[in-house]
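Order of the sequence lines fixes the chain letters, A, B, ..., with proteins taken first and strands second; residue numbering starts at 1 for each chain. FYI, side chains are in, hydrogens and waters are out, and symmetry mates aren't considered; it's all heavy atoms of this structure.
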Amino acid sequence: MIRVRFAPSPTGDLHVGGARTALFNWLYARKNGGTFILRIEDTDGARNTDEASAGILKGLKWLGLDWDEGPEKGGDYGPYYQSQRKDIYDRYLAKLEADGRTYVEENGAVRFKFSRTAITVHDMVCGDVTFAPTEEPDMTLRRPDGSYIFHFVNVVDDIEMKMTHVFRGEDHLSNTWKHIDLFNAFGATPPTYAHIPLILNSDSSKMSKRDAGSAIEGSYMNGGFLPDAVFNYLCLLGWTPRTEAEVLDRQTLTSLFEPSEIHSSNARFDMQKCSWFNAQYLRAQSPEDLLVAARPFLDRAGLVITDEAVAAAAVFSVKEKVSLLTEIPDWVHYFFREDYPYEADVVTKLKAKPENPALLQAAATAFAAQTEWSEASVHTAIEEAAKGASVKPGALMPLLRFALSGQSRGPGVSTIAHLIGKDSTLRRIERTLALE
RNA sequence: GACCCCUUCGUCUAGCGGUUAGGACACAUCCCUUUCACGGAUGCGACACGAGUUCGAUUCUCGUAGGGGUCGCCA
């Protein structure tokens with residue numbers, strides 16, 4: 001039975017690097033029918049653990065990385081907060097003391113006597129990496145105040161929670177020999193490791209909390225991304241599935257996942273490509289799903305939805321014009337109100353030709369005569385109006401678009417007119433003709 | 001400083017001794033088109049360097065350079 005875990009320290013917001021580490025663990029568990037455990041490493045935390053870990057949980061849930069054991073879920077190997085496992089650590093430390101593998105400093109800190117033998121890490125990504133007998137000072141396991149150090153609790157919990165595999169960032173590779181030394185001291189078998197490449201900024205500097213794209217909630221949830229798109233992009237940062245396609249759903253990604261194919265070189269984060277993935281997923285949404293996804297952003301822009309169906313159709317009509325949900329309000333605001341602003345340069349164009357008002361008026365007359373109001377009938381009316389005025393429909397379209405939306409770009413004119421309705425269409429033309 | 005990992009277009013990457021070095025993002029041009037987009041087509045653009053091994057190296061070995069990481073009573 002495969003057991004993997006994601007063991008973040010609670011920082012408040014899930015970091016992309018952490019998210020992808022969680023992702024690979026999750027993928028491996030799901031592919032093999034294993035168990036994915038979430039363990040919060042809050043040994044340091046005298047500071048509001050629940051608050052801080054809530055951000056991590058939120059990010060994981062958003063990405064759809066559900067855990068089988070852990071906070072809010074329970075399990076047979078809990079508690080899953082390290083701050084609540086002190087007795088277990090005390091017990092393990094006692095074993096080491098009994099074996100003479102520790103000694104106490106003058107101030108009370110407890111150190112582990114390294115075996116000082118060559119230690120080889122068998123890694124699914126990096127292969128066998130051998131570390132020569134160390135010359136580093138012995139490692140501290142417990143601070144004078146009785147709290148424990150990461151390396152110790154990490155190993156103890158991996159033993160206690162029966163972890164079989166560990167996917168973690170490559171920044172841990174250099175310390176893995178210490179962990180193995182500890183496993184050996186406990187007479188336990190180390191898990192199989194897979195040290196995954198780091199995610200770097202576009203300038204190849206280390207990505208920190210402040211950098212664009214680093215925080216799941218701050219950059220993606222609030223940035224207008226769809227979870228599936230981020231999931232997909234993150235998978236491909238450091239791993240290439242054996243398929244031609246890049247846009248792949250969770251199920252496909254899961255079935256294709258192969259740890260030995262994870263790259264061993266770091267990858268730079270590319271927001272443009274991540275956005276491109278988002279655009280792909282946006283376009284695949286149904287009108288209803290798209291509205292659900294876009295709703296928070298419409299709300300934030302102060303747009304009031306009175307008709308769900310129209311709102312869904314409106315949002316759907318601009319789906320291939322944007323790559324982020326955050327861009328949607330700017331493209332659809334006029335569907336939800338009639339006091340929309342007019343783009344300045346288009347006002348100029350409208351006034352440039354003296355015949356424009358007459359053309360708009362002709363269209364209004366044609367619209368008014370319609371008894372039926374569909375995209376097709378709107379289109380027919382426009383063609384008739386154009387014909388009557390001896391111009392091409394193409395000459396009328398930009399004027400109408402501007403009148404109905406105040407913008408020079410957007411969905412098809414008949415789509416707009418149809419969605420806002422006949423009455424509103426006529427009012428909007430009137431309002432535009434009254435512009436001075 | 002010591003140790004560890006890494007090195008193909010600007011970016012993500014395919015390649016696993018013999019290829020016109022392929023794809024995706026981005027960029028450029030064209031087509032489509034009532035706008036903006038989408039879509040389609042084309043183009044631009046890379047094997048870090050130096051030695052080996054070999055009939056032949058992007059591919060294997062070593063070295064150099066560069067990048068990243070680790071050496072905490074942080075995680």
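Rounded to whole Å, the P atom of B:rU11 lies 27 Å from the corresponding atom of B:rC4. One C1' atom belongs to B:rC47, the other to B:rU34, and the distance between them is 48 Å to the nearest Å. Comparing B:rG1 with B:rU8, their P atoms are spaced 24 Å from each other, to the whole Å. Separating the P atom of B:rA51 from that of B:rC38 is a span of 47 Å, rounded to the nearest Å. The gap from the C1' atom of B:rA37 to that of B:rC32 amounts to 12 Å, rounded to the nearest Å. When the C1' atom is used for both B:rG52 and B:rG10, the distance is 33 Å, rounded to whole Å. Rounded to a whole angstrom, the distance from the P atom of B:rA75 to that of B:rG23 is 49 Å.
Within the nucleic acid shown, A:Ala267 comes within 4.0 Å of sugar-phosphate atoms alone, with no base atom in reach, counting heavy atoms only. No engagement by A:Pro393 is indicated, since no non-hydrogen atom pair under 4.0 Å with the nucleic acid exists. Among the protein residues, A:Val413 comes within range of the nucleic acid bases, having at least one heavy atom under 4.0 Å from a base atom. Among the protein residues, A:Gly238 comes within range of the sugar-phosphate backbone only, with heavy atoms under 4.0 Å from sugar or phosphate atoms but none that close to a base. In this structure, A:Ser202 reaches neither bases nor backbone, as no heavy-atom distance under 4.0 Å exists between it and the strands shown. Heavy atoms of A:Arg142 sit nowhere under 4.0 angstrom from any nucleic acid atom. Contact annotation for A:Phe402: no contact, since no heavy-atom pair falls under 4.0 Å across all strands. Looking at heavy-atom distances under 4.0 Å, A:Asn154 makes no contact with the nucleic acid at all. Residue A:Arg401 is classed as a base contact, given a heavy-atom separation below 4.0 Å to a base. Across all strands shown, A:Pro411 has heavy atoms under 4.0 Å from base atoms, whether or not it also approaches the sugar-phosphate.
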Next on the checklist: Using a 4.0 Å heavy-atom cut-off to protein, can you give one letter per nucleotide of nucleotides 26-33 of chain B, 5' to 3': B if the base is in contact, S if only the sugar-phosphate is, - if neither?
Outcome noted: S-------
Checklist entry - Could you run down nucleotides 57-69 of chain B 5' to 3' and tag each one B, S or - for protein heavy-atom contact under 4.0 Å? => result ----------SBB
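Salt-bridge formation is not detected for the pair A:Lys95/A:Asp99: no Lys NZ or Arg NE/NH1/NH2 atom is positioned less than 4.0 Å from an Asp or Glu carboxylate oxygen. With respect to A:Arg116 and A:Asp138, a salt bridge is recorded, a charged nitrogen being found less than 4.0 Å from a carboxylate O. One finds no salt bridge joining A:Glu258 and A:Arg242 here, because no Lys/Arg side-chain nitrogen approaches an Asp/Glu carboxylate oxygen to under 4.0 Å. The pair A:Glu338-A:Arg431 does not meet the salt-bridge criterion, since no charged nitrogen lies less than 4.0 angstrom from a carboxylate oxygen. Looking at A:Asp158 and A:Arg5, a side-chain N of the basic residue comes within less than 4.0 Å of a carboxylate O on the acidic one, giving a salt bridge. Salt-bridge annotation for A:Lys178 and A:Glu136: present, with a side-chain N of the basic residue lying under 4.0 Å from a carboxylate O of the acidic one.
Using cut-offs of 30° and 60° for the angle between ring planes, the A:Tyr233 and A:Phe277 rings count as tilted. The aromatic rings of A:Tyr28 and A:Phe257 sit perpendicular to each other, their planes meeting at more than 60°, with 30° as the lower class boundary.
No side-chain heavy atom of A:Phe24 sits less than 4.5 Å from a side-chain heavy atom of A:Val4.
With hydrogens and angles disregarded, a donor-acceptor distance shorter than 3.5 Å links the side chain of A:Trp177 to the backbone of A:Ser174.
B:rA37 makes up no base pair with any nucleotide shown, lacking Watson-Crick or G-U wobble contacts both under 3.5 Å. Applying the Watson-Crick and G-U wobble criteria (two distances, each under 3.5 Å), B:rG43 pairs with B:rC27. B:rG1 is paired with B:rC71 under the Watson-Crick or G-U wobble criterion, all donor-acceptor distances under 3.5 Å. The base-pairing partner of B:rU7, taking Watson-Crick or G-U wobble contacts with both distances under 3.5 Å, is B:rA65. Nucleotide B:rA14 is matched to nothing when pairs are restricted to Watson-Crick or G-U wobble geometry with both distances under 3.5 angstrom. Checking B:rA21 for Watson-Crick or G-U wobble geometry (two distances, each under 3.5 Å) identifies no partner in any strand.
From A:Asn356, atom CG reaches atom CD of A:Gln361 across 13.0 Å, with rounding to the nearest 0.5 Å. Going from atom CZ of A:Phe367 over to atom OG of A:Ser377 covers 9.0 Å, rounded to the nearest 0.5 Å.
Using a 4.0 Å cut-off, some side-chain N or O of A:Thr43 falls inside it from OP1 or OP2 of B:rA75.
Contact check of residues 317-327 of chain A against RNA chain B (heavy atom, cut-off under 4.0 Å) returns A:Glu320, A:Lys321.
If you check B:rC73, B:rU13, B:rU34 against the side chain of A:Ser414, the one that comes closest is B:rU34. Considering only side-chain atoms of A:Ser265, the nucleotide from B:rC6, B:rA75, B:rU35 that sits closest is B:rC6.
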Checklist entry - Are A:Arg39 and A:Glu41 close enough, and set up right, to give a salt bridge (charged side-chain N to carboxylate O under 4.0 Å, His left out), and what steps lead you there? => result CA-CA 6 Å; A:Arg39 179 174 80 220; A:Glu41 307 218 327; 2.8 Å; yes
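Remark on RNA chain B: of its neighbouring residues A:Glu41 and A:His379, the 5'-side contact belongs to A:His379, judged by nearest-heavy-atom nucleotide. With RNA chain B read from its 5' end, the first of the two nearest nucleotides for A:Val129 and A:Glu246 is the one closest to A:Val129.
Results of the side-chain contact (heavy atoms from CB on, under 4.5 Å) test with A:Pro8 over A:Ile40, A:Leu57, A:Thr21 single out A:Ile40 as the only residue that passes.
Taking the syn range as angles within 90° of 0, the glycosidic angle of B:rC47 is outside it, so the base is anti.
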